[in-house]
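Worksheet: one structure, shown below.
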Amino acid sequence: MRMATKGKKQSSSDGWIDAEPEARGLLPFVGIALTLGVWYVLTYFSTGVLANFAPQEAFVALVDLLTNGEFYTQHVRASMTRFAGALALSLVVGLPLGILVGYFDVAERLSSVSFQFLRMISPVAWFPVALLTFESGGHAAPIFIMFMGGVWPLVFNTAHGIKTLDDDWLKVADSLGGTTRTKIRKVVIPGVIPDMITGLRLSIGWLWILLVPAEYLGVNSGMGYFILNARQQFSYAEIPAVMIVIGLIGFTLDLTVRKLRGRWSWR
Amino acid sequence: MSRAREKTVSEDNGGETAVEARDLTKRYGDRVVFEDLDVDVRDGELLCLLGPSGCGKTTLLHLLAGLEEPTEGGVYFDGERVEEPDYRRGVVFQDPHLYPWRTVRGNVGFGPEVRGEAADSDRVDNLLRMVGLEGFSDAKPAELSGGMAQRVSLARTLANDPEILLMDEPFSALDALTKMELQDELIGLMGKLGMTAVFVTHDIEEAVYLGDRVAVMGEEGAGIRRFIQTAGNENRDSDGFARKKGEILTMFEEENGD
């Protein structure tokens, strides 16, 4: 398969597949058009309920949603608040924990089995616990569910960054009179910022994916809630419309972090 | 040049000792690096530790610095036993190991900062001027050549105002011309600061040129074979320089001939 593609590419090296630089810039848009095409074809040829999800209807619903203030004040705002809360909690817990586990062998040995164990439990499995613990309808339960997924990439990437930090940087700091405290502040933390940003990017991915299921239960606001509610109201076209909004926000968040990563390009 | 003259005071054995090692033994498992080694580093001198790779010269330097622990015996500095690194014994490593996220200036000021003090801005400026990098104060390490990076590394160590400078083949990765340039700069700097230093090298010419005294080390396990008094900053083309070089070379050849 790969060979065939390669052969084809070579044989048409002056063709449109090896496009000119200006044309290459257009390729993502071609990709979007193709995706929309597949979506259209799938719903066009399907019978029954799937036809309700057609793109032309979804875009009409999307315009309706975006011009409807309640969608923002009720749902987008609730989702963004929960996302921000879960991200803040993940950072506040994940980064110090990652530094602790990465720098101190005792902390690593103490925590590694427990952490690897907890990490493998789907955050959604915590739903009953979260619903019983936290007040219904509030932000706490979804924030907790998201946090249980979003904290690990920050912990593990920070810890891994410290493990792979250039030992000589610490040796130099030792010889210059550094203490554990100043070494962590002046060498370890700046040295692992690239890894922290990688962790942040993965964490945001997790949080954003978990947002929708985290809003399926126990709340009556947010984009996850909106999707389930749309189904119950038979407003099927609103479902792909909200999906587009979720995808757009997620894409923008990821792009922002990638830009941030580029600013720490010394590694 | 002036340094060589100043040195005459401490060149007799009556000079005060800055750092001393007594009955120093270092083993890694069954491997003996050296046994019962004694060395005095006299106040104000530049002592070169010269030997083939694997002879333990870097290990000896690390022991003097407190970066490694002796198996037996001890290192004494200011009358106290050395147990850990101390900024007063400044180390310059073989590679500059600059912090890539800091500017040149930020790297030079790192020592005081990591000790919890604010870096003295005038002192940093002064050091940058002394190593000829005043124009690169805002550059990042990635933009520097090898020689420039090693100058920054030296300035970073000096920013802590150490009492003794311990250098581990700092010029070995540089090209011949840069190396000679830096050797002269180092001599000038040491004279200006009136510092004591230990300089590890495997380059006979470098040892004879830089050192007031050269400690010649043998193969692994042999320790220091001999101390040779050198003139310190002697003209590389002079007869005396060639004779010292020849003397050391013969020693190594005899050892290998055994």
Side-chain angles (χ1 to χ4, degrees), chain A residues 91 94-96 98-100 102-106 154 157-201 256-267, chain B residues 58 61-68 82-103 106-119 139-144 149 152-168 170:
Chain A
L91 287 169
L95 295 180
I99 292 169
L100 217 61
Y103 194 79
F104 299 100
D105 281 342
V106 178
L154 288 163
N157 275 280
T158 304
H160 178 259
I162 294 175
K163 285 263 171 285
T164 53
L165 202 67
D166 193 340
D167 275 342
D168 292 318
W169 288 343
L170 291 169
K171 194 169 71 183
V172 169
D174 270 332
S175 78
L176 291 170
T179 61
T180 302
R181 197 189 147 85
T182 58
K183 276 190 294 180
I184 288 178
R185 278 188 48 208
K186 303 281 180 187
V187 181
V188 173
I189 292 176
V192 296
I193 282 181
D195 302 275
M196 287 177 169
I197 295 175
T198 304
L200 175 67
R201 189 178 169 202
T256 313
V257 187
R258 265 190 291 169
K259 288 241 165 83
L260 194 69
R261 180 78 167 81
R263 294 182 56 183
W264 284 84
S265 55
W266 51 266
R267 187 174 271 188
Chain B
T58 293
L61 191 87
H62 282 186
L63 286 167
L64 296 178
L67 289 166
E68 285 185 55
V82 167
E83 307 276 2
E84 53 179 16
D86 186 326
Y87 75 92
R88 292 175 300 163
R89 296 187 304 277
V91 184
V92 179
F93 295 92
Q94 189 167 1
D95 293 314
H97 300 311
L98 301 178
Y99 297 108
W101 58 87
R102 285 176 167 250
T103 60
N107 268 284
V108 174
F110 180 80
E113 266 186 55
V114 84
R115 289 191 287 116
E117 291 173 13
K140 284 286 174 74
E143 302 160 31
L144 305 179
V152 177
S153 173
L154 179 62
R156 177 175 62 184
T157 304
L158 291 173
N160 259 340
D161 200 11
E163 287 170 32
I164 181 169
L165 203 53
L166 305 169
M167 292 172 278
D168 185 12

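Letters A, B, ... are given to chains in the order of the sequence lines, protein chains preceding strands, and every chain is numbered from 1. Please read all numbers here as calculations on a predicted model, not as lab measurements.
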For a quick test of reading the model, state the closest non-hydrogen atom pair linking [X] to [Y] and the distance between them.
X	Y	value
A/L176	B/Y87	O-CB, 3.4 Å
A/T182	B/V114	OG1-O, 2.7 Å
A/D174	B/P85	O-CB, 3.5 Å
B/F93	A/K171	CE2-CE, 3.4 Å
A/W169	B/H97	CD1-O, 4.1 Å
A/A173	B/Y99	N-OH, 3.4 Å

Heavy-atom cut-off 4.5 Å, strictly under: side chain, backbone, both or neither for [X] against chain A?
X	result
B/R89	backbone
B/D86	backbone
B/L98	backbone

Apply side chain to side chain contact (heavy atoms under 4.5 Å, CB included) to A/K186 and B/R102, showing your working. CA-CA 10 Å; A/K186 303 281 180 187; B/R102 285 176 167 250; 3.7 Å; yes

Would you indicate whether A/R185, at its atom CZ, is surrounded by more than 12 heavy atoms from other residues, nucleotides or ligands within a distance under 6.0 Å?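 Incorrect, the count does not exceed 12.
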
Minimum side-chain heavy-atom gap A/P194-B/W101 below 4.5 Å: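 No; the side chains remain at least 4.5 Å from each other.
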
